[in-house]
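Reading through the structure tokens given below for one structure.
So you know, we letter chains A, B, ... as the sequences are listed, proteins then strands, and number each from 1.
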Protein chains: 2
Amino acid sequence: MNLKQLSESLGLSQTTVSRALNGYPEVREETRLRVQAAAEAANYTPNAKARRLATGRAMAIGHVMPLTGKEELVNPIFADFIAGAGEIYAREGYDLLLSMVPAEGTEAAYRQMAANASVDAVMVQAPTMDDPRVPLLQELGLPFLVHGRTGAPDGYSWLDVANIRAFRRATDFLLDLGHRKIALINGQETLDFARRRRLGFEQAMAAREVSPNAAWMRSDVMTEQYGYRAACEMLDAGDGPTAFLASSIIPAIGIRRAAGERGLRIGRDVSIICHDDGLSYMGNEGISAPDGPAFTATRSSIRAAGQRCAEILLSLIDNPNQPAIQELWDTDLSLGRSTGPAPA
Amino acid sequence: MNLKQLSESLGLSQTTVSRALNGYPEVREETRLRVQAAAEAANYTPNAKARRLATGRAMAIGHVMPLTGKEELVNPIFADFIAGAGEIYAREGYDLLLSMVPAEGTEAAYRQMAANASVDAVMVQAPTMDDPRVPLLQELGLPFLVHGRTGAPDGYSWLDVANIRAFRRATDFLLDLGHRKIALINGQETLDFARRRRLGFEQAMAAREVSPNAAWMRSDVMTEQYGYRAACEMLDAGDGPTAFLASSIIPAIGIRRAAGERGLRIGRDVSIICHDDGLSYMGNEGISAPDGPAFTATRSSIRAAGQRCAEILLSLIDNPNQPAIQELWDTDLSLGRSTGPAPA
DNA sequence: GCTTTTCTCCAAAGCGCTTTGGGTTGGCGA
DNA sequence: TCGCCAACCCAAAGCGCTTTGGAGAAAAGC
């Protein structure tokens, strides 16, 4: 059933039927109801392809996921974020177009999207300090929202968590517990959030006049093995750290493994605190855990961020000239069983 | 730049230019080269929206991800699978359309996709024993591929790992090590793969005339907390299992946590073996780990499965009447440090 | 030499929708 | 009575591509 058939069956023009269904005012209410009823009865849905061509709108949002060639790493964060965003898109009638491209092909991918307007906007994830995607998208005139920030966070819209504050607070928490030998197991510091977290860590340490041990500050892709190896090396070197601050629950699990193998008790011999993106399957949530969360953590749901980012991005489409929207989310510091006073 | 402009600039008709670019034989080779050169120079790409309308092909593959309302759980497996599939789609010029819908809305989502042909095919993940999606998609005439199988795995195309065999082998491995008190921490047994794994476990046990303890066979959504709690309960009940067989690395991590908290050494006091989907960030791979994989595991890369599934699915589109393609992948049993002889 | 075929190319008709630019009609004020 | 303005509705022109059904010229066949 297409519009033509429907309109013929109603004895109306395509114009009128189209307008009736799309809520334009030039059609009598009585007619509108009649049209809607007929459409429903005939199980009619406008052909999306035709509509896209006619309107020029893609009714789709692009997420470009760069596949870092060597590591072949899929960021587990993406999944939860996309799930959150996808929910909103679906609700608003937008499609989510996921594009996996090798890292060096991202620019071309965006240009392609802009050139034939196959998406109405794009979501930018995991920005680096000096991310080339921001100026590129500005040049292309494609609405976009950055989840996170770049080093120069002005003139575009973003949503980010207060990383400096979060890690300052987490560090303070460890310092208050008497820890002085604290290791930072950070993400790749080319990524802006990782740099900010390091800053937060350093600020807190400096404020107490504790100088961090350079050998205990690592920066890498946040895998379980990375956390494991880093912790192994530090713990085996003698006089190791008494506390670890990790950028994600994934390396934190590796740290726990390393400690466990050495017979160290978490929260007693060694403390671990991490940032928790609220990954559901990791279940580090207090509510659903009568035994309490495993890890003490700065928490901010990546899923919720995805939802909010989607909302903002869609609003950007309808209103492209509004001033940049910038939202900074605070994290919760949630107590778990992985931290305790520094051993004497 | 659109086709009309390009053809005018060349002094040719749109027909000829279109055919030249799409490799039809009715155009002289010399002309074709001229057209291609001009297209390249003008940075012309055909408008995807117009092409879709004209051809009726969507050049897109649908992945429908049901959001289980209560749990709000995002399956971490999906991410790696999609990454693999997306790679292939991109290479073949297909878009990946990701649709997040509440579980009860999946049927409507598929019907919608079929009704206006917004995708050329769909990928079905995590099938249940008696999955309604299979008959639905058959009715809709939408090409599809199932990753996994249903209880009646005939008449449609699928790719699956040999779950029974894998878990029989894993169980045998534990039995060979002298374990008799073995717990099965399975996924939800409404899912077909979980049922098969249980079967494999039971078969191996029966073959050695070891009767499994019903209290040690669990089935649930595979979170870390699930593994943790199950292990806690079993270990605290006195005379607990000496070995755990887990359906995924995620609950296995929870089991390890439970054991660790109780001062039990993994691979000595308690053995753990799990199925490993090769999630990159979990890094349970031997190659990249000089210290060896943490977990002994039956391994099969979910990413590679995604790639292969995509290839098969695309071939199904071009050739819809071919007999069903069914591929069964064997798993590797890779030795890690989480297993050892049963304690005396 | 004349008809057929083959090779190239083209005009125009879709694909199914939205949207522009009017047309009718009826009611109301002057 | 006439003119004007809403209120409704419509025909037709796109959107940018593919594809059908030729047409013209050159090559081939008899």
Residues that A:Arg51 engages under salt bridge (charged side-chain N to carboxylate O under 4.0 Å, His left out), provided they are two or more places apart: none
Pair B:Asp80 + B:Arg303: basic N to acidic O under 4.0 Å: no
Under 3.5 Å: donor-acceptor pair, side chain of A:Arg133, backbone of A:Glu107: no
Lys/Arg N to Asp/Glu carboxylate O, A:Asp95 vs A:Arg52, below 4.0 Å: yes
Validation row, ring centre B:His63 to ring centre B:Tyr89 under 6.0 Å: yes
N/O (side chain, B:Ser13) to phosphate O (OP1/OP2, C:dC10) under 4.0 Å: yes
Greater than 12 external heavy atoms within 6.0 Å of B:Gln322's CD: yes
Helix axis bend for the helix from C:dG1-D:dC30 to C:dA30-D:dT1 - C1'-based end axes, five pairs, 10° rounding: 50°
NZ/NE/NH1/NH2 to OD/OE distance under 4.0 Å, A:Arg34 and A:Glu30: no
For B:Tyr156, side-chain hydrogen bond (donor to acceptor under 3.5 Å, both in side chains) partners two or more places apart: B:Thr150
Side-chain donor/acceptor of A:Asn2 to backbone N/O of A:Lys4, under 3.5 Å: yes
Of residues 21-36 of chain A, the positions that come close to DNA chain D - non-hydrogen atoms, cut-off under 4.0 Å: A:Glu26, A:Val27, A:Arg28, A:Thr31
Contacting residues from residues 42-51 of chain B, given that a heavy atom lies under 4.0 angstrom of DNA chain C: none
Worked check of side-chain contact (heavy atoms from CB on, under 4.5 Å) between A:Asp160 and A:Trp329: CA-CA 6 Å; A:Asp160 199 3; A:Trp329 284 17; over 6 Å; no
Start and end of the DNA chain D segment that chain B contacts, any atom under 4.0 Å from a heavy atom: D:dG16 to D:dG21
Salt-bridge criterion met for A:Glu26 and A:Arg32 (N-O under 4.0 Å): no
5'-most by nearest nucleotide on DNA chain C - B:Gly11 or B:Thr55: B:Gly11
Steps toward salt bridge (charged side-chain N to carboxylate O under 4.0 Å, His left out) verdict (B:Lys49, A:Asp120): CA-CA 13 Å; B:Lys49 293 201 275 274; A:Asp120 297 315; over 6 Å; no
5' precedence on DNA chain C between B:Arg19 and A:Thr15 (nearest-nucleotide basis): B:Arg19
Steps toward side chain to side chain donor-acceptor pair (under 3.5 Å) verdict (A:Thr16, A:Ser13): CA-CA 5 Å; A:Thr16 304; A:Ser13 74; 3.1 Å; yes
